[in-house]
Amino acid sequence: MLNFLLILIFTIYNEKLWINYLAFDTVLTITGNEKTVYIGTPDGILLFDAQKIKYLKTLTKFDGILENLKFVVYDREINSLWLVDNYSNMMNYHPITKKKESFKLRILPKAIGVGKQFLYFVANGDTYQWDKRKKKLLKIENTKDTTIFWYGEKKKNLLRNFPFLAPYYYLDDNLNKYFYKEVFLTNRNLWVSASGYGILVFDIISKNLVKVFPFNKSLSRIKKILKFDNTIWLLSNDFFIKTANEISDWRFYPIRYDKFYEENEPLLKNKFLEIFFKKTISNFANSKNSVACAFENSIYLFLENYSEPIEIQVPSKVENLYFLKDTLIILTQEGIYLFDYKDNKFLDLVDQPAEAKFGVFSFLPIKKGWYFGIRGGFLIYQNQKWEKVIIPGSDLSIPIEELAHFDNFLIAKINNRILLFDTRKKLFQFLTKEDGLISENIYCLKVVNNKLWIAHEKGISLYDLTLKKKKN
């Protein structure tokens with residue numbers, strides 16, 4: 001048994017290693033200039049190239065901005081952002097240099113106006129003026145500045161100013177309505193937020209919808225990440241997402257009893273969807289164009305022709321599934337099963353250790369060995385021998401889930417942390433919120449093209465692993 005391994009912890013946040021797709025229902029503000037549009041949300045600020053209409057990145061608390069945001073407004077005079085949170089904290093933040101200055105207001109504004117020398121606030125029916133140079137807040141009777149651009153209750157951009165948006169909601173393919181809330185005009189494009197759906201961009205001259213960015217709560221409900229060919233699919237209980245390089249090209253497929261698709265995609269085949277309609281499937285696995293899914297202790301195996309599924313029953317609840325050549329690896333709460341689906345029979349996996357009887361939760365073949373995630377560590381099966389690896393300092397009741405592989409590293413989810421185990425140096429490392437992980441409630445992982453995809457309660461994050469390879 002290996003139990004002499006060291007633990008290392010990442011400690012430096014590097015924004016260049018992260019891509020975040022935030023999940024949210026409502027946009028706070030849309031602001032910016034002719035080059036950059038900023039979308040304010042409670043958990044962060046989305047940056048877009050206003051000319052190319054392209055998503056750039058998200059600023060989060062790790063970039064030094066406030067949390068629990070209430071307002072995000074752009075100031076042309078000083079080329080920076082004014083941020084206000086729900087606790088009357090205010091910050092001036094430059095998104096390029098990261099330079100910031102923090103203040104405490106004695107009011108919680110419901111509207112913010114940006115002028116040349118002053119900021120203006122409306123709170124409890126009163127108007128206040130903030131001197132940008134002297135950093136002082138004064139109560140005033142009225143505003144004489146004609147350059148003020150208002151956000152919040154006195155916002156300048158109103159839906160009714162753009163009649164072509166009527167009836168002021170977005171209607172998706174399933175006839176669901178998503179009502180517009182915020183609008184912002186820059187260049188010839190009108191940026192619009194549709195609550196619960198995302199960000200829409202219209203050409204103000206042609207009045208046509210030119211691009212959609214699906215930032216919404218759907219991104220916080222992903223339970224499984226699969227790869228078919230070179231495409232990443234995100235799966236939840238009621239929809240599938242086919243991703244692309246640009247989030248504006250992601251395609252959403254709602255899963256309903258009356259909804260079938262003609263597209264030649266394995267996950268959209270009718271026979272597979274019929275099973276998915278009837279059951280909340282807890283586990284998926286795929287190999288080329290074959291798919292296996294599990295519900296409790298029942299497994300449905302679809303081979304490439306997607307005709308009637310092969311049904312497999314095991315004695316206890318399935319925790320995970322994996323394809324290995326012509327064998328389906330079935331991990332359960334009581335141990336490991338191997339099913340040869342070409343010969344339609346179970347195979348023997350001899351002398352399983354006692355630890356396997358307390359649950360096996362993940363699997364990964366590396367070189368000549370197999371790794372199994374158990375509670376508090378791993379089981380290694382190599383040359384028909386078993387070996388146990390314990391994670392130092394870990395809770396031995398916590399299962400190791402969602403095993404992935406990159407270079408010499410095993411990557412796993414354990415107790416809402418991401419574990420990286422260097423199999424060559426026998427070192428453990430943890431990727432945590434200190435490194436830029438914006439949520440600790442992690443659902444699933446997948447390594448694709450040197451990037452670690454992470455699904456969590458605040459959306460989807462991609463972490464670039466190439467730096468780990470260089471250091472190794």
Side-chain angles (χ1 to χ4, degrees), residues 15-24 27 37 39 41 44 46-58 170 172-174 176 178 189 191-194 196-203 208-255 259-269 272-273 284 286-289 291 404 406 438 443-456 458-466:
E15 65 170 312
K16 295 180 180 179
L17 301 180
W18 290 96
I19 300 173
N20 292 304
Y21 301 109
L22 286 184
F24 56 89
V27 166
V37 169
I39 308 289
T41 79
L46 281 61
L47 277 65
F48 295 83
D49 186 316
Q51 297 171 335
K52 296 180 180 179
I53 317 180
K54 180 180 179 180
Y55 170 67
L56 298 175
K57 63 178 181 179
T58 296
Y170 180 75
D172 69 10
D173 293 338
N174 294 300
N176 296 311
Y178 302 91
N189 297 313
W191 295 70
V192 183
S193 70
Y197 191 83
I199 312 300
L200 292 73
V201 184
F202 293 85
D203 186 305
N208 292 328
L209 177 63
V210 295
K211 196 163 285 190
V212 175
F213 298 94
F215 290 93
N216 58 62
K217 278 294 185 182
S218 297
L219 301 180
S220 68
R221 305 203 308 270
I222 303 304
K223 302 304 181 186
K224 195 70 177 179
I225 305 172
L226 298 181
K227 179 185 177 185
F228 283 93
D229 295 325
N230 294 317
T231 303
I232 302 298
W233 286 76
L234 310 176
L235 281 57
S236 83
N237 290 334
D238 54 1
F239 62 88
F240 298 157
I241 303 174
K242 183 181 180 181
T243 71
N245 290 333
E246 302 291 338
I247 188 172
S248 57
D249 295 326
W250 289 17
R251 298 195 63 187
F252 285 63
Y253 297 94
I255 308 303
K259 190 79 171 178
F260 291 98
Y261 300 96
E262 296 181 359
E263 299 176 49
N264 190 28
E265 298 285 358
L267 289 175
L268 302 179
K269 300 289 187 180
F272 172 73
L273 292 181
F284 291 85
N286 72 294
S287 176
K288 295 181 180 179
N289 287 325
V291 173
F406 175 76
I438 61 176
Y443 302 138
C444 55
L445 309 171
K446 185 77 174 179
V447 173
V448 183
N449 297 331
N450 297 332
K451 287 186 171 58
L452 175 63
W453 287 67
I454 308 165
H456 50 76
K458 291 188 177 181
I460 306 294
S461 296
L462 278 67
Y463 180 75
D464 192 337
L465 292 163
T466 52

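- The 12-atom threshold is not exceeded at CD of E262, counting heavy atoms of other residues, nucleotides or ligands nearer than 6.0 Å.
- A donor-acceptor contact shorter than 3.5 Å links the side chain of N286 to the backbone of K227.
- For the pair F24/L46, a side-chain contact is recorded, criterion being any heavy-atom separation below 4.5 Å from C-beta on.
- No donor-acceptor pair under 3.5 Å is formed between the side chain of N208 and the backbone N or O of V210.
- Side-chain contact check for I247 versus P214: some heavy-atom pair is nearer than 4.5 Å.
- Between W18 and Y463, the two ring planes are tilted [angle within 30° to 60°].
- Residues T41 and T58 form no side-chain contact, since every pair of their non-hydrogen atoms from C-beta on lies 4.5 Å or further apart.
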* Go through the steps to decide whether D172 and F252 satisfy the test side chain to side chain contact (heavy atoms under 4.5 Å, CB included), and finish with yes or no. => CA-CA 10 Å; D172 69 10; F252 285 63; over 6 Å; no
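- Between the CG atom in L267 and the CZ atom in F284 there is a gap of 7.5 Å [rounded to 0.5 Å].
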* Stepwise side chain to side chain contact (heavy atoms under 4.5 Å, CB included) test for W453 and T243 -> CA-CA 12 Å; W453 287 67; T243 71; 3.9 Å; yes
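- With rounding to the nearest 0.5 angstrom, the CZ atom of F406 is 4.5 Å from the CG atom of N450.
- Side-chain contact between F215 and V27 is absent, with no heavy atoms from C-beta onward closer than 4.5 Å.
- Inter-residue side-chain proximity for I225 and Y443 is flagged as unmet; no heavy-atom pair is nearer than 4.5 Å.
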* Y261 and L273: side chain to side chain contact (heavy atoms under 4.5 Å, CB included), yes or no, with the steps? -> CA-CA 10 Å; Y261 300 96; L273 292 181; 4.2 Å; yes
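- Taking the charged nitrogens against the carboxylate oxygens, K211 and E246 have no contact shorter than 4.0 Å, which rules out a salt bridge.
- Once rounded to the nearest 0.5 Å, the distance linking CD1 of I460 with CG of L234 reads 5.0 Å.
- Closest approach of I438 and L22 over heavy atoms only: CD1-CD2, 3.6 Å.
- Residues I241 and L219 form a side-chain contact, since some pair of their non-hydrogen atoms from C-beta on lies under 4.5 Å apart.
- Between F202 and L200 the shortest heavy-atom distance is CE1-CB, 3.9 Å.
- Around the CG atom of N449, the shell of radius 6.0 Å holds no more than 12 heavy atoms that belong to other residues, nucleotides or ligands.
- Around NZ of K54, the count of heavy atoms belonging to other residues, nucleotides or ligands within 6.0 Å does not exceed 12.
- Here S193 contributes atom OG and N216 contributes atom CG; the two are 12.5 Å apart, rounded to the nearest 0.5 Å.
- Ring geometry, Y21 versus Y55: the interplanar angle falls from 30° to 60°, so the pair is classed tilted.
- In this structure, K242 and T231 have side chains that are in contact, with non-hydrogen atoms separated by less than 4.5 Å.
- You'll find the ring centres of Y197 and Y170 inside the 6.0 Å limit.
- Note: L17 CG to L462 CG = 11.5 Å, rounded to the nearest 0.5 Å.
- For S461 against H456, the heavy-atom pair with the smallest separation is OG-NE2, 2.8 Å.
- The two residues A50 and W191 have their closest heavy-atom pair at CA-CZ2, 4.1 Å.
- Counting heavy atoms from C-beta outward, D238 and R221 have side chains that approach closer than 4.5 Å.
- Between the side chains of T466 and D464, a donor-acceptor pair is found at a separation under 3.5 Å.
- No side-chain donor-acceptor contact under 3.5 Å links E265 and Y253.
- Note: I454 CD1 to I222 CD1 = 14.0 Å, rounded to the nearest 0.5 Å.
- A side-chain donor-acceptor contact under 3.5 Å links W250 to the backbone of A244.
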